[in-house]
> 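Supplied in structure tokens, the structure appears directly below.
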Amino acid sequence: MKDAERTATDRRSEAAKGFRDGIPIAMGYFAVAFSLGIIAKKAGITASLGFVSSFFTRASAGEYGVYTLVAINAAYVEVVAMSLVANLRYMLMSAAFSQKIAPGVPWYHRLLMACCITDEVFGISINHQGYTPPAYTYSAALISSLFWASGCAVGVVAGDLLPSSIVSALSVALYGMFIAIIMPPSRSDRNVLYAVVASFALSGLCAVAPFISGWSPGTRIILLTVAISLVAAWLKPIKETDNGEA
């Protein structure tokens, strides 16, 4: 009985710790998701649908791509393909995170913990001292997901209430977030800079090219993303040291 009580106490302690560590993430999520909600509103997404989709997706680039494709009435296969390409990194994060889960943790906890992964939740979970218990990841993911989904829903509502000039200005904020994401690695790694410049140049070129310009924007984005990533990985693969580190 004492062991069971101790286990319950440990779970509550880890849940409280995850909640505490997830609050700063949640605050940042709300601000970014608000801008995402403005984009969702332009795509005809309601506040309730924006909340639900954001709560279960929790991926800025993936959601932005999906809402953009929805706005242009893209085919379902294009939406699915965009989500897969944009969120493929989470599969790698989940594989790495599996090494931080204790061997005795049941498979369903492992599956749910993998579903909780975002860039930031992965960061704090992978840095947890010792094995990362499910309660910690669940708690951090819950508070951050609620703020992310709420931010998107509030952004959708604001799209109805705010003047069109302010809505247009706020919709640019998400592009600013993407620029803020790509600028630091572009400055520190010349190969990343080349890939970013190539993506801008090829995207503009494909938009006016005789044959390719007839494709839907979603198809062009997907093909360019895959093509540029493959070429970059082939020409400049990440080298590993003798101990297996990149």
Side-chain angles (χ1 to χ4, degrees), residues 7-30 32-33 36 52-66 80-149 151-152 177-178 180-182 184-185 188-189 192 225-226 229-230 232-233 237-246:
T7 300
T9 301
D10 291 342
R11 289 175 180 172
R12 287 194 294 268
S13 176
E14 290 294 342
K17 188 185 301 182
F19 183 86
R20 180 198 63 198
D21 293 346
I23 288 178
I25 297 174
M27 299 300 292
Y29 275 6
F30 186 90
V32 174
L36 185 64
V52 173
S53 63
S54 292
F55 184 85
F56 288 103
T57 305
R58 306 183 312 282
S60 56
E63 285 187 56
Y64 170 76
V66 168
V80 173
M82 168 55 68
S83 299
L84 178 62
V85 172
N87 300 321
L88 194 60
R89 68 187 186 279
Y90 293 128
M91 295 179 63
L92 302 178
M93 291 183 185
S94 298
F97 184 39
S98 66
Q99 306 303 307
K100 287 285 293 182
I101 302 176
V105 174
W107 66 268
Y108 53 86
H109 275 305
R110 294 175 177 271
L111 179 62
L112 290 175
M113 292 173 76
C115 292
C116 289
I117 289 298
T118 63
D119 296 330
E120 293 76 16
V121 172
F122 171 78
I124 63 174
S125 296
I126 206 73
N127 286 313
H128 187 281
Q129 185 175 4
Y131 286 119
T132 304
Y136 178 86
T137 300
Y138 293 159
S139 182
L142 177 61
I143 183 63
S144 58
S145 297
L146 285 174
F147 271 68
W148 176 263
C152 183
M177 182 200 70
F178 289 135
I181 291 174
I182 64 176
S188 60
D189 191 332
V192 175
T225 301
V226 174
S229 299
L230 288 175
I238 299 177
K239 298 180 180 180
E240 294 186 352
T241 58
D242 295 336
N243 58 6
E245 297 180 354

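Values below: every heavy atom of this structure, side chains too, minus hydrogens, waters and symmetry copies.
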> Verify whether one side chain among E63 and S54 offers a donor that lies under 3.5 Å from an acceptor in the other.
yes

> Can you tell me how far apart OH (Y138) and CD (E14) are? Round to the nearest 0.5 Å.
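Separation between the atoms: 13.5 Å.
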
> Taking the side chain as every heavy atom from C-beta outward, state whether K17 and R20 have any atom pair closer than 4.5 Å.
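Yes; the side chains approach each other to less than 4.5 Å.
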
> Compare every heavy atom of N87 with every heavy atom of G62, then report the nearest pair and how far apart it is.
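Of all heavy-atom pairs spanning G62 and N87, the closest is CA-OD1, 3.9 Å.
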
> Any non-hydrogen side-chain atom of P134 less than 4.5 Å from a side-chain atom of V105?
yes

> Name the one of T118, D119, I126, I124 that satisfies side chain to side chain contact (heavy atoms under 4.5 Å, CB included) with F122?
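With F122 as partner, T118, D119, I126, I124 yield a single side chain to side chain contact (heavy atoms under 4.5 Å, CB included), made by I126.
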
> Got a second to check how far L36's CG is from W148's CH2, nearest 0.5 Å?
5.5 Å

> With a 4.5 Å cut-off on side-chain heavy atoms, are P103 and Y131 touching?
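The answer is yes; the side chains approach within 4.5 Å.
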
> Quick check: closest heavy atoms across A102 and R110, and the distance to 0.1 Å?
O-NH2, 2.9 Å

> SG of C152 to CZ of F55: how many Å apart, nearest 0.5 Å?
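Taking SG in C152 and CZ in F55, the distance rounds to 13.5 Å.
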
> Is any side-chain heavy atom of F19 closer than 4.5 Å to one of L142?
no

> State, to 0.1 Å, how close H128 and T132 come at their nearest heavy-atom pair, and which atoms those are.
CB-OG1, 3.4 Å

> Does the side chain of R58 come within less than 4.5 Å of S144's, by heavy atoms?
no

> Where do F30 and F147 come nearest, in terms of heavy atoms and distance?
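Minimum heavy-atom contact is CD1-O, 3.5 Å.
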
> Pairing donors with acceptors under 3.5 angstrom, does anything connect the side chains of S125 and T137?
yes

> Do you know which two heavy atoms are closest between I143 and A26, and how far apart they sit?
O-CB, 3.7 Å

